Amino acid sequence: QVQLVESGGGLVQAGGSLRLSCAASGRTSSNYAMGWFRQAPGKEREFVAAISWSGLSTDYTDFVKGRFTISRDNAKNTVYLQMNSLKPEDTAVYYCAAGGSAYPIRPPVKYEYWGQGTQVTVSS
């Protein structure tokens with residue numbers, strides 16, 4: 001089992017930045033890819049970004065490319081999502097997930113473990 005805890009969410013004005021963190025505990029020796037997803041009210045959970053176990057491979061959905069950066073520190077069992085140039089449409093609950101693959105994957109069903117989420121609100 002892997003436990004994931006997100007932090008770093010909050011309220012920010014449009015154009016601002018936030019850095020989300022996801023701390024993993026438990027069976028962290030497994031070579032999991034990590035992903036960030038988000039879910040806005042009334043919408044389905046959607047893929048945001050993912051990173052391979054090694055950190056050498058990343059994947060981003062188009063609407064965050066150039067604004068968000070995913071990274072990980074395996075020594076700290078932590079994954080980060082740096083979010084810059086935030087827009088009101090980025091408002092959502094952000095979740096991190098650990099996958100059954102060592103490489104970035106997009107489908108939520110491929111991820112085995114999920115955190116509880118952290119709220120990000122971007123005001124206009």
Side-chain angles (χ1 to χ4, degrees):
Q1 289 290 325
V2 175
Q3 293 77 45
L4 303 174
V5 178
E6 303 95 336
S7 61
L11 173 65
V12 64
Q13 289 188 332
S17 298
L18 284 174
R19 188 195 195 200
L20 305 184
S21 298
C22 174
S25 61
R27 192 181 169 188
T28 56
S29 60
S30 298
N31 295 349
Y32 290 127
M34 298 290 293
W36 284 98
F37 293 77
R38 69 187 187 187
Q39 188 166 18
K43 295 187 178 181
E44 293 185 354
R45 190 168 299 188
E46 61 182 0
F47 170 78
V48 175
I51 188 167
S52 62
W53 163 250
S54 67
L56 297 179
S57 180
T58 58
D59 185 25
Y60 297 91
T61 191
D62 286 346
F63 51 76
V64 305
K65 282 182 180 178
R67 299 191 297 125
F68 292 10
T69 302
I70 189 171
S71 62
R72 68 190 297 165
D73 184 339
N74 287 342
K76 296 182 178 179
N77 295 320
T78 301
V79 176
Y80 306 96
L81 185 68
Q82 178 67 43
M83 306 187 295
N84 298 329
S85 302
L86 283 162
K87 304 175 181 180
E89 51 264 44
D90 293 318
T91 295
V93 177
Y94 282 71
Y95 299 89
C96 73
S101 168
Y103 300 98
I105 48 177
R106 292 196 176 197
V109 295
K110 298 291 187 181
Y111 286 83
E112 297 180 60
Y113 306 104
W114 291 83
Q116 292 300 308
T118 184
Q119 176 70 48
V120 171
T121 303
V122 184
S123 63
S124 58

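Residue indices begin at 1 and follow the sequence shown. This is a predicted model, so every value here is computed, not measured.
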Subject >> With sequence neighbours excluded, residues passing salt bridge (charged side-chain N to carboxylate O under 4.0 Å, His left out) with R19 >> reply: none
**OP:** Identify the heavy atoms of G9 and V120 that sit nearest to each other, and give their distance.
**Re:** CA-CG2, 4.1 Å
Original post:
Do any N or O atoms from the side chain of Q116 and from the backbone of V5 form a donor-acceptor pair under 3.5 angstrom?
Top reply: no
Original post:
Are Y60 and Y103 grouped together when hydrophobic residues (ILVMFWY) are joined by side-chain heavy atoms under 4.5 angstrom apart?
Top reply: no
**OP:** To the nearest 0.5 angstrom, please state how far the CZ atom of F63 sits from the CD atom of E89.
**Re:** 10.0 Å
Original post:
For the hydrophobic clusters of this structure (ILVMFWY residues joined by side-chain heavy atoms under 4.5 Å, transitively), does one cluster hold both L20 and V122?
Top reply: yes
Subject >> Short side-chain to backbone donor-acceptor contact, E6 and G117, under 3.5 Å >> reply: yes
Original post:
In Å and rounded to the nearest 0.5 Å, what is the OG to CE distance from S52 to M34?
Top reply: 12.0 Å
Original post:
Can any side-chain N or O of R72 pair as donor or acceptor with the backbone N or O of A33 at less than 3.5 Å?
Top reply: no
Original post:
Does the N74 side chain pair with the main chain of S54, one donor and one acceptor, at a distance under 3.5 Å?
Top reply: no
**OP:** List, by chain and number, the other hydrophobic cluster members for F37, where Ile, Leu, Val, Met, Phe, Trp and Tyr join if side-chain heavy atoms come within less than 4.5 Å, directly or indirectly.
**Re:** F47, V93, Y95, I105, Y111, W114
**OP:** Please identify each residue that fulfils salt bridge (charged side-chain N to carboxylate O under 4.0 Å, His left out) with R67, with sequence neighbours left out.
**Re:** D90
Subject >> Over all atoms of both residues, closest heavy-atom pair of S21 and T78 >> reply: CB-CG2, 4.3 Å
**OP:** To the nearest 0.5 angstrom, please state how far the OH atom of Y80 sits from the CG atom of D73.
**Re:** 5.0 Å
**OP:** Output the distance between atom CG (L4) and atom OG (S25), rounded to the nearest 0.5 Å.
**Re:** 7.5 Å
Original post:
Is there a side-chain contact between M83 and W36 (heavy atoms, below 4.5 Å)?
Top reply: no
Subject >> From T91 atom OG1 to Q119 atom CD, the distance as rounded to the nearest 0.5 Å >> reply: 7.5 Å
Subject >> Closest contact, heavy atoms only, V2 versus A24 >> reply: CG1-CB, 4.3 Å
Subject >> Whether R45 side chain and Y94 backbone form a donor-acceptor pair below 3.5 Å >> reply: no
**OP:** Search all heavy atoms of P88 against all heavy atoms of A14 and return the closest pair with its distance.
**Re:** CD-CB, 4.1 Å
Original post:
What distance separates D59 CG from I51 CD1, expressed to the nearest 0.5 Å?
Top reply: 11.0 Å
